[in-house]
Amino acid sequence: MLFRSIEQGRQQRTLAEDGWHYAAIGRFDLARANFEQLVKLDPDPVGVLELAAVNANREGILLQLMDRPDIGPAAVDMLKVLKEGRFRLRTNPQQILANIAKLGGTARERISAVQQLKQSGEWSVPFMLDVLLNPEQRALHTHVIGALQEIGKPAVTPLAVSLQMNNNAVKIFIIRALGKIGYPHAIAYLKQLAEDKDSPPQVINEAQLAIQQIEQTAGRKAGGSAAQEFLGLGDAYYYDHGSLMAEPDAPVVNVWFWREGHLVSSQVPPRIFNELMAMRSAETALQLDPDMPEAVALWLASNFRREARLGVADVASEAADPATAQDPTRPNNYPRALYFARAAGARYNHLVLARGLTDAEPSVILGSLAALRDTAGAANLIGSEDYKQPLASALTFPNLVVRIEAALVLANALPDKEFEGAGNVVPALSEALAQTGQKHAVVIEPDEANRNRVVGILREAGFQVIAGEDFYAVLQDARKNAPSLDLILFASHLKQPNVAVAVQDLRKDYLFASAATVILVSPADEELVR
């Protein structure tokens, strides 16, 4: 076994070095063959990273080759291997522990160790907290506290979660560190401490001082209660506030918990991190103030969106779906999102529907409509109350499926009096009866050969396709000629508009915002698209 491992290592080293050599001399066919074979062997990413570091030009060569059609995909795959190597290196527990130990060394060793711990970011925090909680490592405590502050924003959430510890002396060190780091998403946790009647006076005082320090750094006043701050924090997560985003290109990200005296994490796909943190924030807000309907609605909406981002087949179903197993924060046999929405009742689902309509979020809209259809009678669906108006708005939503589902909700309730939007129910049901099952797609791709290829694939899949190279002209054609739109595909190398503006314009337009959107990514644009 050892011999075979050594032989595999030699083979992978040869493939990597030959690939870089042939790429450097312009033999791209041979370079591609070597890189493709190496990736197929599932190499050790850290080992490949070390080989790349032998020559400073090696990664640069891969970056230069990304746009070439003959070798670009192989170069991108190699860059992904290098990225995985960096991730494994900086999250390696042995490496983190070694750097923490170096904090007690010479000044040069400490500087190097702090830089490495900053690279490890939040992954180093639980190990550093274990040192602070260990009286036998007291000599390292001052250096560890300083290093935590140097890590900065990535340390805020794990440190804030660790405020649940019982050790008040260490808790005060953490509070001070959060104050000096200065990011406002710590305020909710600090207010929770300051408002807790069981917190010792010194802890309350330190929490209040830290909040003031963060307010000065952030330039905003935190005037609400802890419950209100957690609701605001949850909304910020829900709307993907930039400062709260987990690493979007990391293979997994951490959701932190304080358990049995230690900071531990569940590692989740980045695409559901914000939804999970929004749900957690809503839960804490409700624990602090049970009379917060907006927090209930936020939790329900986040749960629907969590399932959609996991790739469940149907958010409007309670049936088990294997996609939910990708979320390790939920126990086995955890009920589906629709179960909780039904249990919450009509009022909360109206609030969820309002959120979904405002954001043009199909998963949230369809989930809340399914809950309303199955649980609410006419009295809970129609009326003059503000919270009941989103259902009438859904009857004129640009997405055909939403209009039909909203009409079915109202028709199922058998209302016996006039209500706002009643005139839209029969037209929406007529639309449902008129449907032939025909799907419509838009393809916007300047490259004619690739555009024809994609159009052919979609037509084989049963789509009617409107295609072209001009972004706005094609969308205008779709607006005139497609009764409904299921799918939008556009190329990342659009020039007018660029990909960022294209996404923004689609989200602003009510008709297109609710259609599934796919970006056809060229290798050079991958980071931009992320």
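Residue numbers start at 1 and run along the sequence shown.
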ask   = Are more than 12 heavy atoms from other residues, nucleotides or ligands located less than 6.0 Å from atom CZ of R90?
value = yes

Item to check | Flag if over 12 foreign heavy atoms under 6.0 Å of CZ, F173 | outcome: no

Indicate yes or no for a side-chain donor-acceptor contact from [X] to the backbone of [Y] under 3.5 Å, with no hydrogens or angles considered.
| X | Y | result |
| --- | --- | --- |
| T106 | E109 | yes |
| E195 | A226 | yes |
| R306 | E275 | no |
| D289 | A285 | no |
| S112 | R108 | no |
| N134 | E136 | yes |

Looking only at heavy atoms, what is the nearest atom pair of [X] and [Y], with distance?
| X | Y | result |
| --- | --- | --- |
| L286 | M292 | CD2-O, 3.6 Å |
| G261 | L133 | O-CD1, 3.9 Å |
| L117 | M128 | CD1-CE, 4.2 Å |
| I61 | A24 | CD1-CB, 4.1 Å |
| V253 | P270 | CG2-CA, 3.8 Å |
| P158 | P154 | CD-O, 3.6 Å |

Flag the pair [X] / [Y] as yes when at least one side-chain heavy-atom distance between them is below 4.5 Å, and no otherwise.
| X | Y | answer |
| --- | --- | --- |
| N92 | R88 | no |
| R280 | V161 | yes |
| K171 | L193 | yes |
| L62 | L82 | yes |
| L353 | I365 | yes |
| D235 | E294 | no |
| S225 | L288 | no |
| V131 | L103 | no |

Can you tell me how far [atom2] of [Y] sits from [atom1] of [X], rounded to the nearest 0.5 angstrom?
| X | Y | atom1 | atom2 | answer |
| --- | --- | --- | --- | --- |
| L51 | R58 | CG | CZ | 6.5 Å |
| L298 | L231 | CG | CG | 6.5 Å |
| R347 | N349 | CZ | CG | 12.5 Å |
| I111 | K102 | CD1 | NZ | 13.5 Å |
| T157 | L263 | OG1 | CG | 10.5 Å |
| Q192 | E229 | CD | CD | 12.0 Å |

request  = Using the side-chain contact (heavy atoms from CB on, under 4.5 Å) rule, take V255 and F273 through it: C-alpha gap first, then chi angles, then the decisive distance, then the call.
outcome  = CA-CA 7 Å; V255 175; F273 172 78; 4.1 Å; yes

#### Entry: Trace of the side-chain contact (heavy atoms from CB on, under 4.5 Å) decision for I211 with K191
CA-CA 8 Å; I211 291 169; K191 283 218 167 199; 3.6 Å; yes

Problem set entry | salt_bridge(K40, E36) N-O dist < 4.0 Å | no

*asked:* Taking the cut-offs as 6.0 angstrom to the six-membered ring centre and 45 degrees off its axis, would you call R355 and Y238 a cation-pi pair?
replied: yes

The side-chain contact (heavy atoms from CB on, under 4.5 Å) partner of I175 among Q213, Q208, E206, K180 is E206

When I172, L178, I174 are each screened for side-chain contact (heavy atoms from CB on, under 4.5 Å) with R176, the one that passes is I172

### Task
Go through the steps to decide whether R342 and E318 satisfy the test side-chain contact (heavy atoms from CB on, under 4.5 Å), and finish with yes or no.
CA-CA 10 Å; R342 283 172 170 161; E318 281 194 44; 2.2 Å; yes

Would D327 and Y334 count as a side-chain contact (heavy atoms from CB on, under 4.5 Å) here? Give the steps.
CA-CA 10 Å; D327 180 1; Y334 188 72; over 6 Å; no

Aromatic ring proximity, centroids under 6.0 angstrom, W299 and Y348:
no

Centres of the F230 and Y237 rings: under 6.0 Å? no

